[in-house]
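Encoded as structure tokens, the structure appears first; notes follow it.
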Amino acid sequence: MNIQNNERAFKPAEYKSAVKPVWCPGCGDHSVLLSIQRALAELALPPEEVAVVSGIGCSSRIPAYTNCYGFHGVHGRSLALATGLKVARPDLTVLVASGDGDGFSIGGNHFLHACRRNVDLTYIVMDNRIYGMTKGQPSPTTEPDWDTAIAPGGTGLSPFHPLVIALASGANYIARAFSGDISGCAKLIVDAIRSPGFSFVQILSPCVTFRPDQQKGWKDFIRPAMVPETDDHGRAARRLMTDDGFNIGVLFRGARPPYQPQPLDHRDPSHLEAEFVL
Amino acid sequence: MNIQNNERAFKPAEYKSAVKPVWCPGCGDHSVLLSIQRALAELALPPEEVAVVSGIGCSSRIPAYTNCYGFHGVHGRSLALATGLKVARPDLTVLVASGDGDGFSIGGNHFLHACRRNVDLTYIVMDNRIYGMTKGQPSPTTEPDWDTAIAPGGTGLSPFHPLVIALASGANYIARAFSGDISGCAKLIVDAIRSPGFSFVQILSPCVTFRPDQQKGWKDFIRPAMVPETDDHGRAARRLMTDDGFNIGVLFRGARPPYQPQPLDHRDPSHLEAEFVL
Amino acid sequence: MTQTGQETISVVLTGSGGAGVMTAGQTLLDAAASLGLYGLMTRSTGPQIRGGEAAALLRFGRRPVLSHGDRFDLLVALDFENISRFGAEIPLGASSVVIADPAAGDPPEFVVASGARIVHVELAKLAKTIPGGRISMVALGALAQMIGLPESAIVGAVAASVGKKKPDAIVTSEKAVALGAAAAATLTPGARIAAPDRLDSERWSITGNEATGYGAIKGGIRFVAGYPITPATEILEWMAPTLRQCGGVLVQAEDELASINMIIGSSFGGAPSLTATAGPGLSLMIESLGLAVASETPLVVVDVMRSGPSTGIATKSEQSDLNIAVNGLHGDAPHVVVAPTDVSDCLLTAQWATHLAESLQTPVIMLSDQSIGQARAIIDRPEDVAFTATRDIWTGGESPYLRYGLTDSGVSAMAIPGTPGGQHTADGLTHNERGTPSSQAHDHVAQLDKRQRKLENFDYSDHWAEIDGDGEIAVVTWGSSTAPIREAIAAARDRGAKIKLIALRLIAPAQPQKLAAALAGVKRVLVIEQSHSGQFWRYLRAHYDLPGEVTPIFRSGPLPFRPGEIGGYLAHGGL
Amino acid sequence: MTQTGQETISVVLTGSGGAGVMTAGQTLLDAAASLGLYGLMTRSTGPQIRGGEAAALLRFGRRPVLSHGDRFDLLVALDFENISRFGAEIPLGASSVVIADPAAGDPPEFVVASGARIVHVELAKLAKTIPGGRISMVALGALAQMIGLPESAIVGAVAASVGKKKPDAIVTSEKAVALGAAAAATLTPGARIAAPDRLDSERWSITGNEATGYGAIKGGIRFVAGYPITPATEILEWMAPTLRQCGGVLVQAEDELASINMIIGSSFGGAPSLTATAGPGLSLMIESLGLAVASETPLVVVDVMRSGPSTGIATKSEQSDLNIAVNGLHGDAPHVVVAPTDVSDCLLTAQWATHLAESLQTPVIMLSDQSIGQARAIIDRPEDVAFTATRDIWTGGESPYLRYGLTDSGVSAMAIPGTPGGQHTADGLTHNERGTPSSQAHDHVAQLDKRQRKLENFDYSDHWAEIDGDGEIAVVTWGSSTAPIREAIAAARDRGAKIKLIALRLIAPAQPQKLAAALAGVKRVLVIEQSHSGQFWRYLRAHYDLPGEVTPIFRSGPLPFRPGEIGGYLAHGGL
Ligand SMILES: Cc1ncc(C[n+]2csc(CCOP(=O)(O)OP(=O)(O)O)c2C)c(N)n1
Ligand SMILES: Cc1ncc(C[n+]2csc(CCOP(=O)(O)OP(=O)(O)O)c2C)c(N)n1
Ligand code: SF4
Ligand code: SF4
Ligand SMILES: [Mg+2]
Ligand SMILES: [Mg+2]
């Protein structure tokens, strides 16, 4: 991000639009929206200098609920869209919002390559371990025995490890948050935005409608990570590979410089003709 | 795979078709082809019970050079195609051949999900750290300073870690080979085919035309992995995250059962009408 | 139930989320069916995933009803919150009756403007008099009473749906229904439905998406890969357990690029294979559909169309994916496109699609749509047809085996992995008869010719279109537009007009001779479709010579065509 | 060089990989250009990545040559290995001359069958007499001598290409050229090229792909994302360094799904943006092209077409992506499709494409093809045109800001991130004027109308087509078919025929009034294109009423149209 030295203070409410969320009452995403508002206010970023980009899903509806510039793209492609935006407009603060289906299933390839490219984006995945918007199909983070209509009795597939994938692909900042803790969540988002390069924040955000187990269940499991954050790739890999998915906090913070290709010059195109002229 | 108890012995030459490879003289892929032939002969698999599936690239040309059933699909989708084939036909031995561009760039998402699904496939990626077929563009494993026309002076992007990604996604067998050592390579392929579930073998296979540095250079770096193979995810994650890319051998061997959904019954469809009848 | 009521009746229940509108609607449909009526139910919901406003739109009839009518005879509003969002979907007229709870406040503008008679029933208050009583059940009782459905039928349907395990719930519901019926009995009735003729045929209750799934399994589909997307998900969800009963499996793919490639792989392995999706997913499958064309791999792709472009309106219908289905592939890539004409026809069309794919070794796109797929209808049991997956399979013979041999029919026998001597590499590169890549012009042309020939030479029999009636005026249409047109034409015929209906089930390849024969003697052709740019009309212009004066009639979704609207076009068209 | 030679001359150099055929061809082109000749060079290679057989196909002329002729006057074969693979691409006739090394053995069948005169020059042996001497340079000397190009021009071109740093290499090459020329001097000459008129205009040596890249930058493109694919990669490779000189950047994406989305993002950010691809990549972009249509995001997608379907023949040309470009999107998704008519026209067309995309806030697909994109031509400096990226940018004003306001023109001002008060969310969901998602029919229809209106109301000026000549017969064509047709028509006119040429540069939206005006008085229309299924003809049928008798002429690639072939069609068409 590009931290502005702004003169005036901003209130969280200034980052909220008039559009009423379609989310179910109690959906974790309401809290994520609040957390983002708080984070932006804390950073005192003028709303027009922030862009929120997303794909398709309940979680991906978030851009229109903010008072920032937004792009609600197609399913799974938000990171690519955001990459183009940020490379073309390094002056903007670009947040990317996604879900476990949008981000890890159809969007998996862009996740790999956004981590690798390390453009200065903040990637927020609202992980509810289900496809909410299409009414309850398993995602790559769904438990193997979770029963759904499309996979009666469960898929039998173990969830994969998005945080390790992010690390292996080159993400520069990896954190986990819980939507139930709005201020903790907001703090992590502030930190992620401040961290240069690609920052990945997995937010456990319960789906009250298709995963009624989560709202109560998760509260029992979730805890602040015991081990302090690391910048060591090997240690981070081991730790993230074996964690149970409920450690909250910054789990890896690297030091790779962000990718921000720049023009070399601003010459008039006509000089290029020299190459053709005989 | 389904190891057959075959009565007769097979020769490597029986796995080779009459189609002449388009590869440059000296390309590492010639040796990979030989290794596959040797491996199949060693396993005494009748050629018609083996299918080789690929995408697009120099490396992906390999199916037609074998005397097995083959599918030369579109760029980046070989794993999905092979998944459908193997799930529908568990009796076949299915190899998937790819390149670093086909497999890790455009094909990255299917890589993640094939590892996660853990269907009994053997995935061979001929990694030459370049796009050979399109004449020399950087791939996700290309060094940041490798100069190309499309990225003059290099991309500046560090290569990512496909083996860790495989591990984090759920691959059950992870190995690295070098095409220059045909018998070592063949041995690993035999082992990978025998290993149940998704087996990933990265084969360093030099591109003599667009990476003339590799043929000599790699020989100096490559060595058998010092540390014995592990089945521990945490240890494997740390090790693969920090290895320099030149350790050869089996690096991880897990014990996840393969995914092979089965019909529950073979009833006549007409029984389904009961659901509709009033 | 009297003998003197209307032939069909249309009712709608609205309410905000959780009020039980959909369950009540379903119960009503079941009740009507139990009485021997035909019926149709569609659903409308707000953008909320849960808890938003909802409408159950129903129509019953003594004859099959496969689309909605011109207006609703009865609207029962459990509350008025946000229901004006549905205004355009709920046409009312002066003869319509609106049952509303006085506690729900003033009716919205569109209700008032319609001139409908508003009657009050204290739904909420009545419900509260019964412990556990639901407002939706009170409404149901009132509704049934108003349109002349016997209370017993409702009670029976409630019992059947609640199930034997909850006798208390059944009793509670019965009481609520009775209260509603009693309250409505004091009201001046509006339109009532006539009692049906004897229920002499086997009836089904089925959605278009279920019929598609069942047709596909009947046709021989044994492998499905798919990625959830509205409004196609139910096909996958219905097939997941049923397929496994019949020797098949379903895999949820990571995305649509994977689904299409998985079924290319499974089909290559010998299993008749299918995927189901909607416009955005079809878009992602385009590249690999080309691979299926070039590699001659049979497969079925069901596209349940929704309003486009892009994400559009996921829950509303439109016929605007015709262009991409027919012309969306790069290069010259002939393939088959079929479309069901109504809910019931999904069964035959899906079964036929499988048969065509397997017989022709080509991808077949089946264009269903939201209004067909997600509608539940009470229909006569569809006739059995004999289409099954019949692939020309190579079991041995000439050597070397020519996977892409230049046969007269254009279809060449396919060797399935495992068959000794049949080894070959299927390829999307231009190839020769053996399958070996070639960049020679003669191979390229020979294979392009072959793939065109196999589609052109095939006998599509009478299934290419549904043709009905005679006259100098013909309506040419397709898909879900057919049912309201059928009804409008019937009405026009009742007034003495002579109109022929031609609904294409086979969209591509075009059948110029068959259509010319069907249009012999026709002087005026009306082309009717639900797309903003007249995609079907343009397609017909491109591939057919239509006789006489041609009038294209097209408009976008999301609102469905209504018989009266079509009747207007027919009249305007010179009737 | 004499004044009495032919107007144009065609020569081809073939040899197996590494023999230097391409370098020799390039040198020859440079030499001819230095003499004031126009020229064209295309390349053919075998399937091998390296070391396979190769052919450099050249044509020179006193007037611009933008396509190949009917036959080659001279074939120089460094060896005969596998060159029969190119037989169909190298038409020879009885008047053709073949220079071959006697050591290369018997000429292949297609050479013998042509009746061409075969003359022997001991190319390899002569090359060996010079230390480091290359057989290709000897061949070049012989070739130049045969067709009447002065040796000095060749030597000059060699020097220019080898560069000053390697004086020894220049001397070696000079010697080889001289030996070849001397050897050929003893032979009976064949066709010779006439000396050009004075070189009075500025000439460029440029490929279609370079011209596309330059036109795009001139038009204002400042952000490019792309994924390598033959035959479009050179656009990306040319733009990567040049764009950075002009204030822009290029990103290599992980796939085409990413490229198209990256440029949607960059364009949303305010940067005129482009990607370049071929059929398989375009297929993958389809879904997100729909997003660009619905979100009204300007962008340019260049599709350098190759033989399809599927992977097809990556290195050979065809005009068969017209269907997908025009009709490939799901839903009703109007957008712009343009096509350059030749190598030189790529500049103007790419520049115009950028202008249209920016002016109309819509995706523009530019259909180039392999035969244009990868051909190098010596052309007159293209005229400057004034098209630049002109986006209607919102800088403040009404509140709330209506991103998708229903203006008369259909274009609504776009607020760029960073602009206070302009915050909005661009969306692929059906939305209202503000951009808020809506599933209301009136919003859906209003926005569909708006997006259609903006394309229909725009003034495409004279650039919509290239129109040339007059007569009762008109040829309607597009893209790379234009140049050989132009030549055939010129020849027919020389014989007294009156034929009008209309080459559409604007494929979509259709311009029925403009074409009708252009065809006024025409009695017969020949529609000519290079596709197997007549895609262009079908498209014209769908959108235009062509007057008089219409004769469609179409065939697939990979072989290019030749003027004589077109001449045959013209004659057959009644001339
Ligand atoms: C190409 C495409 N495929 C499928 C869909 C349907 N779809 C919409 S949202 C979604 C899944 C959303 O899941 P997730 O990202 O986890 O978001 P959630 O709703 O759970 O927040 C799917 C499959 C689509 N819109 N586009
Ligand atoms: C959809 C699509 N995009 C791009 C291409 C062009 N293409 C062909 S092969 C290739 C890269 C191959 O690289 P890799 O997989 O590393 O194989 P190698 O040639 O190096 O063995 C590309 C980009 C294509 N065929 N299809
Ligand atoms: S369905 Fe689940 S994820 Fe979607 S809005 Fe409701 S609670 Fe949230
Ligand atoms: S270009 Fe490279 S990868 Fe391709 S065949 Fe040649 S050496 Fe092998
Ligand atoms: Mg989710
Ligand atoms: Mg490679």
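Keep in mind the model is a prediction, meaning the values are calculated, not measured. By convention in this document, chain letters (A, B, ...) are assigned in the order of the sequence lines, proteins followed by strands, and residues within each chain are numbered from 1.
- Contact annotation for residues 22-29 of chain A against chain D (heavy-atom separation below 4.5 Å): no residues qualify.
- With D:M262 as the fixed residue, the side chain to side chain contact (heavy atoms under 4.5 Å, CB included) test singles out one of A:V87, A:L85, A:T83: A:T83.
- Considering CD of D:Q423 and CG of A:N67, their distance stands at 5.0 Å, rounded to 0.5 Å.
- Contacts of D:A271 with chain A are made by side-chain atoms alone, with heavy-atom separations under 4.5 Å and no backbone atom involved.
- Heavy-atom pairs under 4.5 Å with chain A were tallied for D:R434, D:E210, D:R381, D:H424; the largest tally goes to D:H424.
- Residue contact with chain A, scored on non-hydrogen atoms closer than 4.5 Å, is absent for D:I379.
- Expressed to the nearest 0.5 Å, how far CG of A:L81 lies from OG1 of D:T297 amounts to 8.0 Å.
- Note: D:A415 leads D:S259, D:G421, D:A415, D:A160 in heavy-atom pairs under 4.5 Å with chain A.
- Residue D:C246 comes nearest to A:L272 through the heavy atom pair SG-CD1, 3.9 Å, listed as atom of the first residue, atom of the second, then distance.
- Chain A forms the most heavy-atom pairs under 4.5 Å with one residue out of D:D30, D:T242, D:T436, and that residue is D:T242.
- The line from CD of D:Q245 to CG of A:D268 is 12.5 Å long, rounded to the nearest 0.5 Å.
- Most heavy-atom pairs under 4.5 Å with chain D: of the set A:R116, A:H75, A:R61, this distinction falls to A:R61.
- For A:A82, no part lies near chain D; criterion is any non-hydrogen pair under 4.5 Å.
- Aromatic ring centres of D:W238 and A:F276: separated by under 6.0 Å.
- Each of D:G428, D:G248, D:S205, D:A258 has some count of heavy-atom pairs under 4.5 Å with chain A, and the biggest count is that of D:S205.
- Taking all atoms of both residues into account, the shortest heavy-atom contact from A:E49 to D:G418 is CG-CA, 4.5 Å.
- A donor-acceptor pair is defined here as one N or O able to donate and one able to accept, closer than 3.5 Å; such a pair exists between the side chain of D:R244 and the backbone of A:Q262.
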Audit row: D:L257, A:H110, side chain to side chain contact (heavy atoms under 4.5 Å, CB included) steps and yes/no: CA-CA 9 Å; D:L257 303 158; A:H110 310 301; 4.1 Å; yes

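- Of all heavy-atom pairs between A:A80 and D:N261, the closest is CB-CB, 3.7 Å.
- Across D:P417 and A:L92, no two heavy atoms sit closer than the pair CB-CD1, 3.6 Å.
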Chi angles and distances behind the side chain to side chain contact (heavy atoms under 4.5 Å, CB included) call for D:E254, A:L112: CA-CA 9 Å; D:E254 55 270 34; A:L112 293 183; over 6 Å; no

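- Judged by distance alone, the side chain of D:Y214 and the main-chain N or O of A:E273 form no donor-acceptor pair under 3.5 Å.
- Listed for the A:R89 side chain is a donor-acceptor partner under 3.5 Å among the backbone atoms of D:G269.
- Proximity to chain D involves both the backbone and the side chain of A:V277, based on heavy atoms less than 4.5 angstrom apart.
- Taking both residues in full, the closest heavy atoms of D:S295 and A:F71 are given as OG-CZ, 3.5 Å, listed atom of the first, atom of the second, then distance.
- For the atom pair A:E48 CD and D:I416 CD1, the distance stands at 14.0 Å (nearest 0.5 Å).
- Of the atoms belonging to D:P437, it is side-chain heavy atoms, and not backbone ones, that fall under 4.5 Å from chain A.
- For D:I260, no part lies under 4.5 angstrom from a heavy atom of chain A.
- Although no hydrogens or angles enter the test, the distance criterion places a donor-acceptor pair under 3.5 Å between the side chain of A:Y69 and the main chain of D:T419.
- There is no contact between D:S267 and chain A, counting heavy-atom distances below 4.5 Å.
- Side-chain contact between A:R117 and D:V251 is present, with at least one heavy-atom pair separated by less than 4.5 Å.
- Pairing each heavy atom of A:V74 with each of D:S288, the nearest pair is CG2-OG, 3.6 Å.
- Contact of A:S270 with chain D is made through backbone and side chain together, with heavy-atom distances under 4.5 Å.
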